Amino acid sequence: MKENKINNLVINKSFLNVMFISICGAAIFKYSIREVGDIFQTLFFLGSIPFIYVHRKKLIRDKIVLSFFLLSFITLLSWINSLYKIPEFAKDTPNVFKFFDIFYFIIISFWLSGNQRKILIYWFCALIGFLLACIIKSDAFIHDFFLGLNGQRIDYNVHNAQHTGMIAGFLFLISLYLLANINYFSRRLNIKIPLLISITLLSLFCLSTAIFSQSRQVWLSLLVVMSISPFIYLYLKNKINIKSVALSTIFIIGSIYLFSQSTIIEKRISSESKTLQAIIHQNYQHIPYTSIGIRVNFWFESIPWIKDSPIIGIGEDARELVISESPRLPQWVKNKFWHLHNSHIETIVSYGFIGLFIIYFSYFWIIKTSIKSKHRNHNDMMFISILFIAYWLVVNNFESFFFWKSGEYIINIVLAGLYTTYLHSTLNYSDNKHDS
């Protein structure tokens, strides 16, 4: 009887609406006005307790939930290993919920109700939130924008350029999806046209910010996504033929050529010419300590640590120890940097190949769920899932977004929209306004 009452609360229309407003509020304010965002986040966390209780038996069998608990177990094992391998550096207690911050999209997925319109509104709120963050945090928003147009590197004080660019790149992809599905918002012209204009302007802002950030990892990630997207789309639509592949290839090559003509891009790439030459000629002992060079040197320094504990890693702080305990890195580098600028390598160093495999499994499982999705446009969801996760995996080769608040914020927003339909189908639950 008690469980039925709790279940009735969870599916109550008013309660669902409050939770949906809460996740949208968090998407808007979490990165712009942190205090307000925390209120909304706390509200939907607390409101999720009855949902977790009611669906606990099914949730515990969910592959993504299982992945989270397995990762928590791996963090415990890696901590125990650190007590044995590096007792002088081991933490006093294990941080077993280290990965919670990149898995709470499961909760958000429930409150999106597997509903296409709610997904679009939620992602639109994220776009609004990013613009608001740039306006509020910037000392002079319009001035910064024109500095970007004039070739200067800008970040609007959101974090730093890499993080601002990463979020902007993700939201640019989201904006394209919103434009492609504008009819799901509303078919009424008095709503549809203002939304179309708003999303288009936000899309251009996100693209310009990704460019102005001058973050090469963001450019590379968008380039990879742009290069694979035509072929994935043609495959999913069963339109693979010589003509379509040839046209797609010409489009990609042309786009890359135009992209490379930008003076901003040319300047950023040419600044690393000596580093790239050293890497190409395998002169690894003399890689200069430029932006890319520092990263590559860190990665080489990680190899002995990985070899020592490849399966479960050597604990949470291992990424800092790779740098601080290196006999080769100069002191000024040790003083300035404390992480390896590569989420994949940091995960292996700290939690081993098992830890990295579980994270990869989670992402590819989400792509797989798109196939099983009951969404009427499940091919489109699979398409955007592949692009999002490809972007995420590439951009994390050059920065540690797995372990930064910016990465946690954006990946939960993205994955919540991708996972909601599958989660609801497995829980045998449907929103009263379910339209997907």
Side-chain angles (χ1 to χ4, degrees), residues 24 27-28 31-32 116-138 141-142 144-146 148-149 154-156 158 161 163-186 189 191-215 217-230 232-233 251-252 254-256 258-259 262 264-265 377 380-381 383-392 394-395 406 409-411 413-414 416-418:
C24 288
I28 293 173
Y31 227 68
S32 55
Q116 174 72 349
R117 188 175 293 111
K118 285 188 175 182
I119 296 170
L120 298 177
I121 293 172
Y122 180 61
W123 281 351
F124 180 68
C125 287
L127 285 170
I128 296 295
F130 179 61
L131 175 62
L132 188 62
C134 291
I135 293 172
I136 291 175
K137 293 178 180 293
S138 175
F141 175 73
I142 300 299
D144 281 350
F145 180 80
F146 281 104
L149 281 176
I154 63 169
D155 55 27
Y156 297 114
V158 171
H163 295 256
T164 304
M166 180 275 294
I167 296 173
F170 247 135
L171 293 177
F172 172 66
L173 297 177
I174 283 178
S175 69
L176 297 182
Y177 183 78
L178 298 185
L179 289 172
N181 291 273
I182 195 71
N183 285 332
Y184 278 104
F185 278 106
S186 176
L189 290 180
I191 297 177
K192 184 177 176 180
I193 292 176
L195 268 174
L196 186 62
I197 295 171
S198 299
I199 296 171
T200 300
L201 292 174
L202 287 167
S203 178
L204 293 173
F205 173 71
C206 290
L207 178 60
S208 66
T209 302
I211 295 172
F212 297 164
S213 72
Q214 298 189 22
S215 299
Q217 66 263 42
V218 174
W219 295 347
L220 176 62
S221 302
L222 289 175
L223 183 62
V224 168
V225 167
M226 182 184 69
S227 299
I228 66 175
S229 59
I232 295 172
Y233 182 81
F251 169 76
I252 292 167
S255 299
I256 293 173
L258 292 174
F259 192 73
S262 167
I264 297 175
I265 293 169
N377 294 322
D380 290 343
M381 289 302 292
F383 175 66
I384 199 66
S385 298
I386 293 171
L387 298 190
F388 281 155
I389 290 175
Y391 177 90
W392 181 240
V394 173
V395 81
S406 59
Y409 163 77
I410 196 67
I411 197 60
I413 286 174
V414 169
L418 301 182

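In this text the structure is predicted, and so the values were computed from the model without any measurement.
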*Working for side-chain contact (heavy atoms from CB on, under 4.5 Å), residues Ile182 and Leu120*: CA-CA 9 Å; Ile182 195 71; Leu120 298 177; over 6 Å; no
*Kindly say whether the aromatic ring centers of Tyr184 and Trp123 come within a distance under 6.0 Å.*
no
*Check the pair Tyr391, Val224 against side-chain contact (heavy atoms from CB on, under 4.5 Å), reporting the backbone distance first and the verdict last.*
CA-CA 7 Å; Tyr391 177 90; Val224 168; over 6 Å; no
*Determine, using ring centers only, whether Phe130 and Tyr31 are less than 6.0 Å apart.*
no
*Determine which pairs satisfy side chain to side chain donor-acceptor pair (under 3.5 Å) with at least one residue from residues 191-208, sequence neighbours left out, and list them in order.*
Ser175-Ser203, Asn183-Lys192
*Decide yes or no for Met381 and Leu418: does some side-chain heavy atom of the first lie under 4.5 Å from some side-chain heavy atom of the second?*
yes
*Over 60° means perpendicular and under 30° means parallel, so classify the ring planes of Phe170 and Trp392, tilted if in between.*
tilted
_Minimum side-chain heavy-atom gap Ile154-Phe145 below 4.5 Å_ = no
_Using side-chain heavy atoms (C-beta onward) and a distance below 4.5 Å, is Val414 in contact with Ile389?_
no
_Contact check, side chains of Ile384 and Ile174, non-hydrogen atoms, under 4.5 Å_ = no
*More than 12 non-hydrogen atoms from neighbouring residues, nucleotides or ligands closer than 6.0 Å to CZ on Phe141, yes or no?*
yes
*asked:* Test: side chain to side chain donor-acceptor pair (under 3.5 Å). Region: residues 127-138. Which pairs qualify, not counting sequence neighbours?
replied: Ser138-Asp144
*asked:* Suppose we screen for side chain to side chain donor-acceptor pair (under 3.5 Å). Which residues come up paired with Ser385, at least two apart in sequence or across chains?
replied: Ser370
